[in-house]
Amino acid sequence: NNNSSLKIISHNILYDGEKICEHFLLPLIRFEKQQQLLKESNAEIICLQEVTSTYLKLLENNQYFQDNYVISSISTDLRLIGDMGNLILVRFDLFEKIQLFSFKVNNLRRKVIFCQIEFINSLNKRIILLIGSLHLTAYTQNVNRRQNEINQIYQQIDTFINNNNNNNNNNIILCGDFNLHSPNEDFLIRNDYNDSWRIDNQQRFLNRKFECWSSLNNDIGGYTFDAKYNPFIVQKFYGFEARRMRLDRIIYKSFYNSMKINSIELFATEKLNQPLS
């Protein structure tokens with residue numbers, strides 16, 4: 001709300017295991033730049049996807065992140081399994097209570113990582129916030145599988161909240177790579193959750209009376225897979241991929257309108273040309 005604000009970043013760091021693409025993926029250079037941008041953001045909560053052991057070591061060895069954040073996968077029970085996974089970093093100096101845990105989703109190799117934080121806002125009201133970092137199954141043809149995965153996540157969240165007697169004051173934010181390949185897949189976002197990018201665009205529309213609402217609905221931007229502007233996509237798919245997709249989302253559920261989106265923007269979109277000095 002207007003009296004308390006949090007900055008949350010969700011970012012798919014892009015798995016570095018495709019050696020064939022390494023000459024234009026530039027993983028180590030890109031990872032260094034990403035972590036520089038994360039540091040500069042000063043975000044209270046950072047949700048990452050496709051985190052590899054290489055990336056995790058860079059985080060663990062970075063003094064800034066050591067000094068300021070709880071990193072979920074440093075806990076032994078949340079250690080990354082296999083070649084990549086999800087991760088959450090939480091500023092430990094800002095919250096009264098931080099609880100980290102994970103959910104296992106059937107047929108989904110990567111666990112969903114959650115943190116629940118509690119803090120007192122400027123109105124002296126206790127706020128409970130549940131945040132998840134997730135990565136659903138990729139590829140257009142797997143929409144039914146994604147539907148099953150997200151429904152399991154919804155159900156586990158509902159069960160967790162009911163078991164902890166937080167029904168009336170638990171706000172929820174889900175961040176990550178939902179792999180929603182077209183607006184036709186937006187039905188996977190349950191009706192009691194809001195799509196942050198769409199809500200923010202609606203708020204902007206209210207301040208721009210001259211804009212056509214129908215065109216805003218048809219193309220609201222926010223593309224995190226954009227063949228029009230991303231040369232990596234052109235190179236990887238030999239020019240045959242032309243789609244622009246909002247694969248990544250931040251959705252939220254607010255109890256009694258106690259939470260709202262102030263603004264949302266794309267993160268880490270600049271082209272990387274040269275190694276950092």
Side-chain angles (χ1 to χ4, degrees), residues 7-15 30 34 37-38 41 43 45-51 86 105 108 110 112 131-151 153-154 172-206 208 211-234 236-237 240-254 259-271:
K7 180 184 287 186
I8 300 175
I9 287 178
S10 178
H11 187 53
N12 184 327
I13 65 108
L14 188 55
Y15 173 55
R30 182 166 44 83
Q34 287 172 348
L37 293 174
L38 290 172
S41 75
I45 299 165
I46 300 171
C47 296
L48 302 176
Q49 302 85 42
E50 297 196 11
V51 177
N86 302 308
V105 176
L108 189 61
R110 296 171 288 266
V112 183
I131 302 163
S133 180
L134 60 86
H135 192 310
L136 303 183
T137 296
Y139 302 117
T140 306
Q141 67 270 22
N142 289 323
V143 58
N144 291 334
R145 184 170 174 178
R146 283 191 288 278
Q147 182 176 15
N148 178 265
E149 292 164 357
I150 192 65
N151 284 340
I153 294 170
Y154 291 142
I172 304 164
I173 299 176
L174 295 178
C175 305
D177 190 342
F178 285 67
N179 267 308
L180 304 187
H181 286 66
S182 77
N184 294 331
E185 292 190 39
D186 282 359
F187 74 91
L188 297 182
I189 299 176
R190 206 168 71 178
N191 289 335
D192 53 341
Y193 284 78
N194 297 293
D195 182 327
S196 297
W197 190 272
R198 186 171 293 278
I199 293 297
D200 185 64
N201 270 262
Q202 291 173 358
Q203 293 171 349
R204 293 171 188 264
F205 168 75
L206 295 176
R208 299 201 300 261
E211 187 167 3
C212 176
W213 175 245
S214 61
S215 65
L216 182 66
N217 262 335
N218 290 333
D219 186 0
I220 64 172
Y223 303 114
T224 58
F225 181 102
D226 196 341
K228 184 176 181 179
Y229 294 108
N230 191 337
F232 164 68
I233 296 172
V234 176
K236 182 177 180 180
F237 297 99
F240 291 102
E241 177 61 84
R243 288 179 294 179
R244 311 176 74 194
M245 299 180 284
R246 291 202 302 136
L247 298 181
D248 304 85
R249 306 289 178 99
I250 297 178
I251 67 174
Y252 68 97
K253 180 177 181 179
S254 176
M259 178 175 67
K260 72 174 185 178
I261 297 298
N262 288 330
S263 65
I264 184 170
E265 60 187 42
L266 295 178
F267 172 77
T269 58
E270 63 186 80
K271 185 177 179 180

Please name the pair of heavy atoms, one in D195 and one in I189, separated by the smallest distance, quoted to 0.1 Å. OD2-CD1, 3.9 Å
Find out whether N194 and I261 are in side-chain contact, i.e. whether some heavy atom of one side chain is under 4.5 Å from a heavy atom of the other. no
Under the criterion ring pair (Phe, Tyr, Trp, His ring centres under 6.0 Å), I'd like the reasoning laid out for Y229 against Y223: C-alpha separation, chi angles, the key distance, then a yes or no. CA-CA 10 Å; Y229 294 108; Y223 303 114; 9.1 Å; no
Would a 4.5 Å heavy-atom cut-off, applied to side chains only, mark S10 and Q49 as touching? yes
When you compare the side chain of N179 with that of T137, does any pair of heavy atoms fall below 4.5 Å? no
Identify the heavy atoms of M259 and I172 that sit nearest to each other, and give their distance. CE-O, 3.9 Å
Ring pair (Phe, Tyr, Trp, His ring centres under 6.0 Å) with F225: which residues, sequence neighbours excluded? none
Work out which heavy atom in N86 is nearest to a heavy atom in H135; give both atom names and the distance. OD1-CB, 3.6 Å
Considering only heavy atoms from C-beta outward, does the side chain of Y154 approach that of L174 to under 4.5 Å? yes
Answer yes or no: does atom CD of Q141 have more than 12 heavy-atom neighbours from other residues, nucleotides or ligands under 6.0 Å? yes
I need the minimum non-hydrogen distance between A227 and V234, along with the two atoms involved. O-CG2, 3.8 Å
Applying side-chain hydrogen bond (donor to acceptor under 3.5 Å, both in side chains), can you list everything that pairs with E185, at least two apart in sequence or on another chain? R146
Any side-chain to backbone donor/acceptor pair from R30 onto I13? Under 3.5 Å, distance only. yes
Does the side chain of D186 reach to within under 4.5 Å of the side chain of R249, using non-hydrogen atoms? yes
